[in-house]
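Have a look at the structure below, then the notes.
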There are 2 protein chains.
Amino acid sequence: MDISVLRNSILFRDFDDTEISELLKALNAAEKKYKKGTMIFSSGEITDKLCFVTTGSVTVESNDMWGNRTILNLVSEGQFFAESYALLPDVPMLVDVCAAEDCGIIFMSMKSLEKLGDTVRSRLLMNLLTITTRKNLHLSSRSFHTAPRQVRGRIMAYLNTVSVQKHSREFDIPFDRQQLADYLNVERSVLSNELSKMQRDGLIQCRKNHFEII
Amino acid sequence: MDISVLRNSILFRDFDDTEISELLKALNAAEKKYKKGTMIFSSGEITDKLCFVTTGSVTVESNDMWGNRTILNLVSEGQFFAESYALLPDVPMLVDVCAAEDCGIIFMSMKSLEKLGDTVRSRLLMNLLTITTRKNLHLSSRSFHTAPRQVRGRIMAYLNTVSVQKHSREFDIPFDRQQLADYLNVERSVLSNELSKMQRDGLIQCRKNHFEII
DNA sequence: GAAAGTATGTTGTAATTACAACATTTCAGG
DNA sequence: CCTGAAATGTTGTAATTACAACATACTTTC
């Protein structure tokens with residue numbers, strides 16, 4: 001397994017290559033490839049696997065019985081997902097996870113945490129804690145993006161966050177139109193329409209997933 | 001400080017009374033009382049304090065510039081809040097925290113974690129991990145409650161969750177009408193109206209915050 | 001138990017969104 | 001450089017929601 005991406009991950013912060021290799025073995029790490037659109041986890045499944053995205057990206061989403069999709073999170077290369085379910089192994093997943101692009105995922109068994117020595121284990125726990133707290137902030141920030149009652153408000157809330165993160169008024173977003181609509185919990189056509197209006201009103205410029213706030 | 005409530009908290013699981021007392025001292029624990037409606041934290045503040053609700057309850061909420069309130073979470077007696085901000089002490093809070101009722105809060109400094117011995121520290125970290133992962137699930141479940149496009153769908157999604165949690169078709173909810181509206185991201189009057197319709201349609205029965213699903 | 005204050009229910013209208021249907025643009029393979 | 005498939009944009013209408021204004025019910029305090 002290629003550990004170059006893992007070396008820079010939060011999980012293995014302060015671990016050297018030898019330690020990482022040993023840990024991967026202890027955690028039964030295994031990589032799997034997925035084609036765009038494939039479902040990686042379905043709501044109701046139980047897992048103890050911490051998942052790491054080596055290439056591509058996945059969406060964490062809720063698909064209700066009427067076919068509405070809500071994207072809770074987009075997880076890209078170098079990030080983790082399913083950490084909560086991995087650490088609470090009796091809780092069935094509430095979400096689906098889908099390959100947003102062709103992607104590679106490394107699965108690590110958290111059940112195996114117990115087998116680790118005290119020191120290594122506690123260093124790993126600290127890193128896991130960083131992952132889960134950051135994920136928490138991510139989940140809350142989506143709440144801000146969907147808090148405004150109107151579509152324009154939601155778009156602005158989202159674009160502002162991205163702009164702040166990237167330290168620039170001009171940036172790319174990781175979503176296509178349908179994904180952005182599903183993330184902001186609005187109709188795709190209404191989103192497209194509102195983006196057009198916002199350009200006419202001189203608020204933003206956009207082309208595909210490149211945006212500029214004016 | 002009265003540690004009887006803390007004894008049963010997730011944070012101190014597997015700690016005995018002596019250990020808890022020592023930990024409270026090490027973490028500079030201090031209790032403070034708040035009147036209903038008081039703001040405990042404001043968006044933008046920075047804190048390293050893990051907060052525990054001894055009595056009453058608080059809401060974690062986002063108040064935007066147009067005066068819209070969105071309740072992300074209601075934290076009741078025996079639960080924690082601000083854990084993400086406490087553990088990522090350079091991140092300013094995105095949310096406000098308000099006393100939903102008269103309440104008591106114990107503040108514990110997470111900066112002081114470093115001072116602890118390895119063993120105690122790692123036991124505490126494991127418990128913190130449980131707190132943050134559970135909080136994660138809580139945050140995602142709100143996303144399901146607000147995912148349906150229509151008010152009735154949101155109400156049903158929420159009531160279903162509560163019903164499952166309480167193992168009963170009949171239960172009390174912790175929200176009043178305004179709070180429930182702010183949690184589900186809908187207008188209070190529209191919520192009241194829809195609840196009436198749902199009763200006429202024979203879907204539910206409700207009086208104040210007591211509900212029955214039929 | 002009256003008064004004042006707070007919470008909840010009801011209604012109408014204006015504004016917004018959902019949804020469907022179709023037009024246009026973009027992109028990947030042949 | 002065609003062609004089909006996918007993504008994005010546009011528009012109109014039906015349905016839903018926001019908002020304000022008011023009515024009713026419930027609580028708390030004196």
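Each chain gets a letter, A, B and so on, in the order the sequences are listed, and its residues count up from 1. Only this structure's heavy atoms are used, side chains among them; waters, hydrogens and symmetry mates stay out.
In this structure, A:Asn209 places its CG atom 14 Å from C1' of C:dC27, rounding to the nearest Å. A:Leu184 has its CG atom 12 Å from the P atom of C:dT17, to the nearest Å. Atoms CZ (B:Arg154) and P (C:dT17) sit 12 Å apart, rounded to a whole Å. Taking atom CG on B:Asp176 and atom C1' on D:dT27, their separation rounds to 14 Å, with Å as the unit. B:Gln150 places its CD atom 10 Å from the C1' atom of C:dT17, with the value rounded to the nearest Å. Protein atom CD of A:Gln178 is 12 Å distant from nucleotide atom C1' of D:dA6, rounded to whole Å. Whole-Å rounding puts the B:Glu187 CD to C:dG12 P distance at 18 Å. Here C:dT25 presents its P atom at 21 Å from NE2 of A:His210, a figure rounded to the nearest Å.
Between A:Arg188 and A:Asn185, the residue anchored closer to the 5' end of DNA chain C is A:Asn185, taking for each the nucleotide with the nearest heavy atom. If you find the closest nucleotide of DNA chain D to A:Arg149 and to A:Arg200, the one lying nearer the 5' end belongs to A:Arg200.
Using bins of under 30°, 30° to 60° and over 60° for the plane-to-plane angle, the ring pair A:Phe211/A:Phe171 lands in the parallel bin. Between B:Phe52 and B:Phe80, the two ring planes are tilted [angle within 30° to 60°].
Regarding contacts with the backbone of D:dT10, a side-chain N or O of A:Ser196 is found under 4.0 angstrom from either OP1 or OP2.
A centroid separation of 6.0 Å or more is found between the aromatic rings of A:Phe41 and A:Tyr85.
Under the 3.5 Å distance criterion, with hydrogens and angles disregarded, no donor-acceptor pair is assigned to the side chains of A:Thr59 and A:Gln179.
Distances from the side chain of A:Lys208 to the nucleotides D:dA18, D:dT8, C:dC27 place C:dC27 closest. Side-chain proximity of A:Arg177 to the nucleotides C:dT17, D:dG9, C:dT10 is greatest for D:dG9.
With respect to the salt-bridge test (charged N to carboxylate O, under 4.0 angstrom), the residues A:Asp102 and A:Lys36 do not qualify.
If you check every strand for non-hydrogen atoms under 4.0 Å, A:Asn193 touches a base. Within 4.0 Å (heavy atoms only), A:Lys36 reaches sugar-phosphate atoms of the nucleic acid but no base atom. Among the heavy atoms of the strands lying under 4.0 Å from A:Arg207 are primed sugar atoms or P, OP1, OP2 only; no base atom is included.
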